[in-house]
Student: 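Before anything else, here's the structure in question.
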Amino acid sequence: MPKIIINNKEIEFEEGMTVLQACELAGEEIPRFCYHERLSIAGNCRMCLVEMEKSPKPIASCAMPATEGMKIKTNTSLVDKARKGVMEFLLANHPLDCPVCDQGGECDLQDQSLFYGLDSSRYTESKRQVDEKYMGPLIKTQMTRCIHCTRCIRFATEVAGIPELGATGRGEDMEITTYLEKSMESELSANVIDLCPVGALTSKPYAFEARPWELKKTETIDVMDAVGSNIRVDSYGWEVKRVLPRINEDINEEWISDKTRYSCDGLLKQRLDTPLIRENGKLQKTSWDIALKLLIKKINLFKPDQIAGMVGDLADLEMIYSFKSFFNNILRSENLECRNDRIYINPKERMNYIFNSKINGIEESDLILLVGTNPRLEATILNARIRKAYVKNQIKIYSIGDPGDLTYPCEYLGSSTSIIKEILSGSNKISEKIKKSKKPIIILGESSLYGEKGKYIFESLKSFLEENNFLKEDWNALNVLSQQASRVGAIDLEAYSISEENNFKFFDKLHNNEFKFIYLLGQDNINFEKNDKFIVYQGSHGDKGAEIADIILPGAAYTEKDGLFINLEGKLQRAYKASYPPGDAREDWVIFKDLSNIMNKKSEYNNIQKLKELIKKSVNLKINKNNIKTNKVDFVEENILIKPMDYYYTNPISRASKVMSECRQISKKFLFTGVEKAS
């Protein structure tokens, strides 16, 4: 490896590194504003100046490639004077807003001016004023503070893939803008707030809410989709004030979607905080004792095969396991389901329902085939990885089913299942390309697995990959893109009702009115006729499930309890309690334990530790049970139509959010005016 001398220390570095990266290897701290390791190099701010031997003036270390034998010094008087001069330039037009700026306390400009700046300025001219820019309901602008680092522009163009930010003018007249002053369209837009090193771009919903040092910070997991992004929840008392990303290179890097970041105000609204019973058509408040006794009384009126339970999209493993245990061991019912609709699943092997290539494995791929999925809306962070792979490796991306406007070029092959038949027979051009590729990825969305065609699409593509040796341990090209945070965990814990002959046995019984008692565990996305059914809803929000319920039991939201989640790639992650349930609401596993005690039936667990042990045992059994089996199925002629998705209203928390409602209204306005017609 080549070597570089930094402050008289010899350091080995990798070919292609910059001087700044080499200095970091040596443990030297280099100040910077424009440089970011995930963005292209701009070299705008000049804050990273260092001294190089034989150079007449300091060099910008972020833009200078490191070479063999280079001698660098980072702490000389020349470097110190240069950095002080740069800082003086940066502060020449920066307003003294620190006491009222939301960036205060976590501002790079504040921190670096303290360590590298002067205590006075030689500038006496009036500071320039820049008009504020409208960027939508999420981003608050104060562009007078902008130091033109262009991080936001580079992020929008390179990572988000929607070049909606840019610079107009030159020198003192330069301004960062969206050109037409419209709302940003990207589902990743608010990451520019984290990137902004000053207070030019801040969070509009969080404006003037709290200071960073007042907040309790909890590292946890996101549940707005199945990706399982790592997040930090900042709370003040009971109230969740904001959600920020945590770095996890394998999953979300350091980005999160706008829905993940801003749905948190929905945790405060439309909350269920006391048990409710429907009397004479109206819901009345009651006590836990009365509600649970009435529930047990109603359960005793029905036979086990008339009782059904449905698991919601945001359920953690503790909820699912305790629910299944209650149904199987106490009620003696097997009618459990975690799906919202007739989506085909094959739970015999774990590879059949997870994202086997892994999220970070997308970057290694050389061909991607999307089947019935729009990853931009269904898994925004995963879509950003696909774009990264395209930018980095210029890979070819194909789609069966029209995904609309993605953030990268995608060749549309058509929507008929006959295309899959052609791929299997080798008569389609894609067939040969898949066979020749080293690491292909086939991503099956829920739209492709819906209904009778689902079995044909899944089983035939799996057989094709098996025949061509793409289901290996080191590279498995078969990937199912789940949309719900609870889906993979629920299948691992066997919360489904299927038979060899009928994958949709539960839904057939439901629509044939065979169930007389239905227990909805946070399930708000199922549509069925209530008729004479008795409905129990247990969850955190007064949403669609609560509207039709006869008994409502208030549960805890994902930020109000410790919980285990399994993301779409099968990774077990722990979420931590950041707040606490409002009013009389209880954690869901406690409710099932209380029900078992009142019924004088012995539960499998008495405390959370025992419950977690049982969960991990069940999940490990599923992980270790993996023998490749392929089934031959008959061809089904049908179109693969990607279901429209109400992106900002996918679950009860986002539907309760005022911010998501504003985003949805703007999104619909774009759709109406034709600005976003393609998506």
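Everything numeric in this text was worked out from a predicted model, so none of it was measured.
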Student: If you measure from the Lys or Arg side-chain nitrogens to the Asp or Glu carboxylate oxygens, is any gap between Lys612 and Asp562 under 4.0 Å?
Tutor: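 Asp562 and Lys612: not salt-bridged.
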Student: With no hydrogens and no angle check, just 3.5 Å: does a side-chain donor-acceptor pair link Tyr321 and Glu604?
Tutor: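 Per modelled atom types, Tyr321 and Glu604 side chains form a pair under 3.5 Å.
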Student: Quick one: does Tyr450's side chain get under 4.5 Å of Arg342's, heavy atoms only?
Tutor: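 Yes, side chains in contact.
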Student: Rounded to the nearest 0.5 Å, what's the gap from OG on Ser416 to CG on Asn639? Could you check?
Tutor: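 Answer for the OG-CG pair, Ser416 versus Asn639, is 5.5 Å.
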Student: Please report the shortest heavy-atom distance between Gly555 and Ala585, naming the atom on each side.
Tutor: O-CB, 3.6 Å
Student: Any ion pair linking Asp222 and Arg232 (charged N to carboxylate O, less than 4.0 Å)?
Tutor: no
Student: Evaluate the side chain to side chain donor-acceptor pair (under 3.5 Å) criterion for residues Asn360 and Asp250: first the C-alpha distance (whole Å), next the side-chain angles of each, then the deciding distance (0.1 Å), finally the verdict.
Tutor: CA-CA 5 Å; Asn360 62 351; Asp250 292 336; 2.9 Å; yes
Student: With a cut-off of under 6.0 Å to the ring centre and 45° to the axis, is Arg487 in cation-pi contact with Tyr353?
Tutor: no
Student: Kindly indicate whether the side chain of Asp524, heavy atoms from C-beta on, has any atom under 4.5 Å from the side chain of Arg655.
Tutor: yes
Student: Between Asn468 (side chain) and Glu466 (backbone), is there a donor-acceptor pair under 3.5 Å?
Tutor: no
Student: Would Thr260 and Ser257 count as having a side-chain donor-acceptor pair, cut-off 3.5 Å?
Tutor: yes
Student: Does the salt bridge (Lys or Arg N to Asp or Glu O under 4.0 Å) test come out yes or no for Glu253 and Arg38, once each step is laid out?
Tutor: CA-CA 9 Å; Glu253 296 183 297; Arg38 299 191 201 277; 3.5 Å; yes
Student: Taking C-beta and beyond as the side chain, do Phe458 and Val371 meet within less than 4.5 Å on heavy atoms?
Tutor: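 Of all side-chain heavy-atom pairs linking Val371 with Phe458, none is under 4.5 Å.
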Student: Quick one: do Glu500 and Lys505 satisfy salt bridge (Lys or Arg N to Asp or Glu O under 4.0 Å)? Show the steps, please.
Tutor: CA-CA 10 Å; Glu500 285 289 334; Lys505 186 172 75 169; over 6 Å; no
Student: Check for me whether the distance between the ring centres of Phe470 and Phe464 falls short of 6.0 Å.
Tutor: no
Student: Closer than 3.5 angstrom, by distance alone: can the side chain of Asp588 be matched with the main-chain N or O of Met319 as a donor-acceptor pair?
Tutor: no
Student: Can we call the ring centroids of Tyr496 and Phe506 under 6.0 Å apart?
Tutor: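 Distance test on ring centres: not under 6.0 Å, no.
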Student: Does any donor atom in the side chain of Glu378 or Thr373 lie under 3.5 Å from an acceptor atom in the other side chain?
Tutor: yes
Student: Under a 3.5 Å distance rule, please check whether Arg586 uses its side chain to pair with a backbone N or O of Val590 as donor and acceptor.
Tutor: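 Absent.
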Student: With the threshold set at 4.0 Å, does a side-chain nitrogen-carboxylate oxygen contact exist between Lys509 and Glu514?
Tutor: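 No, no charged N to carboxylate O under 4.0 Å.
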Student: Mark yes or no for whether Ser322, through its side chain, and Glu318, through its backbone, hold a donor-acceptor pair below 3.5 Å.
Tutor: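 Checking the backbone N and O of Glu318 against the side chain of Ser322, a donor-acceptor pair under 3.5 Å is found.
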Student: Whether the Lys324 and Asn328 side chains hold a donor-acceptor pair (N or O, under 3.5 Å, no angle test) is what I'd like checked.
Tutor: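 Indeed, the side chains of Lys324 and Asn328 share at least one donor-acceptor pair under 3.5 Å.
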Student: When you measure from the side chain of Ser333 to the backbone N and O of Pro304, does any donor-acceptor pair fall under 3.5 Å?
Tutor: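 A pair under 3.5 Å: yes.
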Student: I'd like to know if the side chain of Glu587 reaches the main chain of Trp589, judged simply by a donor and an acceptor atom lying under 3.5 Å from each other, with no hydrogens or angles considered.
Tutor: no
Student: Atom CD1 of Ile221 and atom CD1 of Ile566: how far apart are they, to the nearest 0.5 Å?
Tutor: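 That separation rounds to 12.5 Å.
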Student: Quick one: pull up CG in Asn503 and CG in Asn346 and give me the separation to the nearest 0.5 Å.
Tutor: 8.0 Å
Student: Taking atom types as modelled, is there a side-chain donor on Tyr408 or Asn383 under 3.5 Å from an acceptor on the other?
Tutor: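 Checked: Tyr408/Asn383 side chains pair up, N/O donor to acceptor below 3.5 Å.
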Student: Using 30° and 60° as the class limits, which term best fits the ring planes of Phe592 and Phe326: parallel, tilted or perpendicular?
Tutor: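 Because their plane-to-plane angle lies in the 30° to 60° range, the rings of Phe592 and Phe326 count as tilted.
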Student: Do Thr650 and Lys259 have side-chain atoms, one donor and one acceptor, less than 3.5 Å apart?
Tutor: yes
Student: Taking all heavy atoms of Arg246 and all of Ile231, pick out the closest pair and write down the distance.
Tutor: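 Residues Arg246 and Ile231, closest heavy atoms: NE-O, 2.9 Å.
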Student: Side chains of Asn248 and Glu254: any donor to acceptor distance under 3.5 Å?
Tutor: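 Glu254 vs Asn248: no donor-acceptor pair found between side chains.
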Student: In plain terms, say whether Glu569 and Lys358 are close enough for a salt bridge, that is, a side-chain N and a carboxylate O under 4.0 Å apart.
Tutor: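 Lys358 and Glu569: not salt-bridged.
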Student: Ignoring hydrogens and geometry beyond distance, is a side-chain donor-acceptor pair present between Asp313 and Asn525 at under 3.5 Å?
Tutor: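 The criterion, which ignores hydrogens and geometry beyond distance, is satisfied for Asn525 and Asp313.
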Student: Tell me yes or no: between the side chains of Tyr344 and Glu459, is some donor less than 3.5 Å from an acceptor?
Tutor: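 Yes, side-chain donor-acceptor contact under 3.5 Å.
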Student: May I ask you to test the Pro554-Gln538 pair for a side-chain heavy-atom distance under 4.5 Å?
Tutor: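 Result no, sub-4.5 Å side-chain heavy-atom pair not found.
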Student: Restricting to non-hydrogen atoms, name the atom on Ser399 and the atom on Cys410 that form the minimum distance, rounded to 0.1 Å.
Tutor: CB-SG, 3.5 Å
Student: Hey, does the side chain of Asn393 reach the backbone of Ile395 with a donor-acceptor pair shorter than 3.5 angstrom?
Tutor: no
Student: Verify the distance criterion only: is there a donor paired with an acceptor across the side chains of Lys433 and Tyr398 at less than 3.5 Å?
Tutor: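 Yes - a donor-acceptor pair under 3.5 Å links their side chains.
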Student: Looking at every non-hydrogen atom in both residues, tell me the closest pair between Gly539 and Leu272 and how far apart they are.
Tutor: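 Here Gly539 and Leu272 meet closest at O-CD1, 3.5 Å.
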Student: Using 4.0 Å as the upper bound for N to carboxylate O, is an ion pair formed by Glu187 and Arg261?
Tutor: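 Looking at Glu187 together with Arg261, the answer is no, because their closest N to O distance does not fall below 4.0 Å.
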Student: Can you tell me how far apart CG (Asp543) and CD (Gln270) are? Round to the nearest 0.5 Å.
Tutor: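 Answer rounded to 0.5 Å: 6.5 Å.
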Student: Check whether Arg350 reaches the backbone of Gly570 with its side chain - one donor and one acceptor, N or O, closer than 3.5 Å.
Tutor: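 Yes: the side chain of Arg350 pairs with the backbone of Gly570.
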Student: Side chains of Lys561 and Asp316: does their closest heavy-atom pair fall under 4.5 Å?
Tutor: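 Sidechains of Asp316 and Lys561: in contact.
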Student: Which of these passes side-chain contact (heavy atoms from CB on, under 4.5 Å) with Leu568: Ile251, Asp225, Leu382?
Tutor: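 Only one of Ile251, Asp225, Leu382 forms a side-chain contact (heavy atoms from CB on, under 4.5 Å) with Leu568, namely Leu382.
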Student: Quick check: do Val659 and Tyr648 have side-chain heavy atoms less than 4.5 Å from each other?
Tutor: no
Student: When you measure from the side chain of Asn191 to the backbone of Ile256, do you find a donor-acceptor pair of N or O atoms at a distance under 3.5 Å?
Tutor: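 Judged by distance alone, yes, a pair lies under 3.5 Å.
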Student: Side chains of Val536 and Leu295: closer than 4.5 Å at any heavy-atom pair?
Tutor: yes
Student: Taking Asp366 first and then Lys439, would you say they form a salt bridge - that is, a charged N and a carboxylate O separated by under 4.0 Å?
Tutor: no
Student: Write down the atom of Gln523, the atom of Val311, and the distance for their closest heavy-atom approach.
Tutor: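 Of all heavy-atom pairs spanning Gln523 and Val311, the closest is NE2-O, 3.0 Å.
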Student: For a quick test of reading the model, state the closest non-hydrogen atom pair linking Ile441 to Ser365 and the distance between them.
Tutor: CD1-CB, 3.6 Å
Student: Between Glu560 and Arg271, does a salt bridge (Lys or Arg N to Asp or Glu O under 4.0 Å) hold up when you go through it step by step?
Tutor: CA-CA 12 Å; Glu560 296 158 6; Arg271 291 303 304 269; 2.6 Å; yes
Student: Say you draw a straight line from SG of Cys663 to CE of Met660; how long is it, rounded to the nearest 0.5 Å?
Tutor: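 Separation between the atoms: 4.5 Å.
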Student: Taking atom types as modelled, is there a side-chain donor on Thr380 or Tyr647 under 3.5 Å from an acceptor on the other?
Tutor: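 The answer is yes; a qualifying pair exists.
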Student: Give a yes or no on whether a salt bridge exists between Asp341 and Lys643, defined as a side-chain N under 4.0 angstrom from a carboxylate O.
Tutor: yes
Student: Say whether Asn502 and Asp508, considering side chains only, have a donor N or O and an acceptor N or O under 3.5 Å apart.
Tutor: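 Judged by distance alone, the side chains do pair up.
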Student: How long is the span from the NZ atom in Lys472 to the CG atom in Asn476, to the nearest 0.5 Å?
Tutor: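 If we round to the nearest 0.5 Å, Lys472:NZ and Asn476:CG are 10.5 Å apart.
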Student: Tell me whether Ser603 contacts the main-chain N or O of Lys593 through its side chain, where contact means a donor paired with an acceptor under 3.5 Å.
Tutor: no
Student: Any chance NZ of Lys396 has more than 12 other-residue heavy atoms, nucleotides or ligands included, within less than 6.0 Å?
Tutor: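 Counting neighbours around NZ of Lys396, 12 or fewer heavy atoms of other residues, nucleotides or ligands fall under 6.0 Å, so no.
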Student: Could you check if a side-chain atom of Arg385 sits within less than 4.5 angstrom of a side-chain atom of Asn252, using non-hydrogen atoms only?
Tutor: no
